[in-house]
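Please read these numbers as outputs of a predicted model, since none were measured by experiment. Worth knowing before you read on, the calculation uses all heavy atoms, side chains too, and leaves out hydrogens, waters and symmetry mates. Positions are given from 1 along the sequence.
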Amino acid sequence: MKWLLIAMYVAKMADLGTTEMALSRGGFEANPFMQNQGFRWAYGTVAPLAVYELGRRMKSRRARIITYVAATAGWSLIAYSNYRAYSRMRERAPGGGLRLQFSVGF
């Protein structure tokens, strides 16, 4: 099950990376907590561990796996959305700014 923790970290780091890319092109973060870069990176390192610990405490193996897969899929969807927003920003003039739609993590 440790490989699911690695998958969650990869998805969360992809989310953080694409968020930083979009913010560097003039996008803005809708979540007020996530507007602070330090908080964003601290949350990014702690969130997968918190989800993993939550899953470890579950009695049902199936529920545990569903929790891990849902968190990984959610962060992957956020990363994809951020990358699409970044791609749309590249087509526009610098400083146009798009709202990062799915920037709220689990």
Side-chain angles (χ1 to χ4, degrees):
M1 295 287 255
K2 300 266 188 216
W3 61 273
L4 286 169
L5 178 61
I6 294 169
M8 283 191 289
Y9 263 107
V10 168
K12 188 61 185 163
M13 290 302 127
D15 168 29
L16 289 172
T18 55
T19 298
E20 294 298 327
M21 280 178 14
L23 290 175
S24 73
R25 292 291 294 177
F28 63 93
E29 180 64 63
N31 184 346
F33 290 112
M34 295 296 182
Q35 290 174 356
N36 181 337
Q37 185 180 24
F39 182 82
R40 214 173 22 249
W41 284 95
Y43 172 74
T45 56
V46 172
L49 284 176
V51 171
Y52 186 76
E53 185 60 30
L54 175 74
R56 272 184 6 120
R57 294 179 183 196
M58 292 180 179
K59 293 179 183 175
S60 169
R61 186 178 196 286
R62 180 177 291 162
R64 188 177 321 143
I65 291 173
I66 289 171
T67 301
Y68 296 156
V69 170
T72 304
W75 286 321
S76 298
L77 177 66
I78 293 167
Y80 174 71
S81 173
N82 289 344
Y83 184 74
R84 285 194 50 198
Y86 172 74
S87 296
R88 288 190 304 259
M89 281 185 224
R90 286 192 315 189
E91 297 169 1
R92 296 163 139 205
L98 282 178
R99 184 180 188 106
L100 300 181
Q101 298 173 359
F102 297 104
S103 58
V104 178
F106 289 91

Just by distance, do the side chain of R64 and the backbone of G55 share a donor-acceptor pair under 3.5 Å? yes
Would you check if the side chain of Y9 reaches a backbone N or O of T45 as a donor-acceptor pair within less than 3.5 Å? yes
Could you measure the distance from the CE atom of M58 to the CD1 atom of I66? Nearest 0.5 Å is fine. 9.5 Å
Ignoring hydrogens and geometry, is there a side-chain-to-backbone donor-acceptor pair from S81 to L77 under 3.5 Å? no
Can you say whether the rings of Y68 and Y52 are parallel (under 30°), tilted (30 to 60°) or perpendicular (over 60°)? parallel
Please determine whether the number of non-hydrogen atoms from other residues, nucleotides or ligands lying under 6.0 Å from atom OH of Y80 exceeds 12. no
Smallest separation among heavy atoms of T72 and A11, with atom names: O-CB, 3.6 Å
Does the side chain of E20 come within less than 4.5 Å of Y86's, by heavy atoms? no
For L16 and G44, work out which heavy atoms get closest and say how close. CD1-CA, 3.6 Å
Under 4.5 Å between side-chain heavy atoms, counting indirect links through other Ile/Leu/Val/Met/Phe/Trp/Tyr residues: same cluster for V51 and W41 or not? yes
May I ask whether W3 and L54 are part of the same hydrophobic cluster, defined by side-chain heavy atoms of I, L, V, M, F, W, Y residues being less than 4.5 angstrom apart, directly or through others? no
Within the structure provided, determine whether L5 and L49 are in side-chain contact (heavy-atom separation under 4.5 Å). yes
What pair of heavy atoms forms the shortest contact from P48 to K12, and how long is it? CG-CB, 3.9 Å
Minimum heavy-atom separation for A71 to M8, with atom names? CB-SD, 4.0 Å
Do T19 and R40 come within less than 4.5 Å of each other through their side chains, counting heavy atoms only? yes
Any side-chain heavy atom of S87 within less than 4.5 Å of one from Y83? yes
Linking I/L/V/M/F/W/Y whenever their side-chain heavy atoms sit closer than 4.5 Å, directly or via other members, would V10 and W75 fall into one cluster? no
Gap between atom CE of M34 and atom OH of Y43 - 0.5 Å precision: 5.0 Å
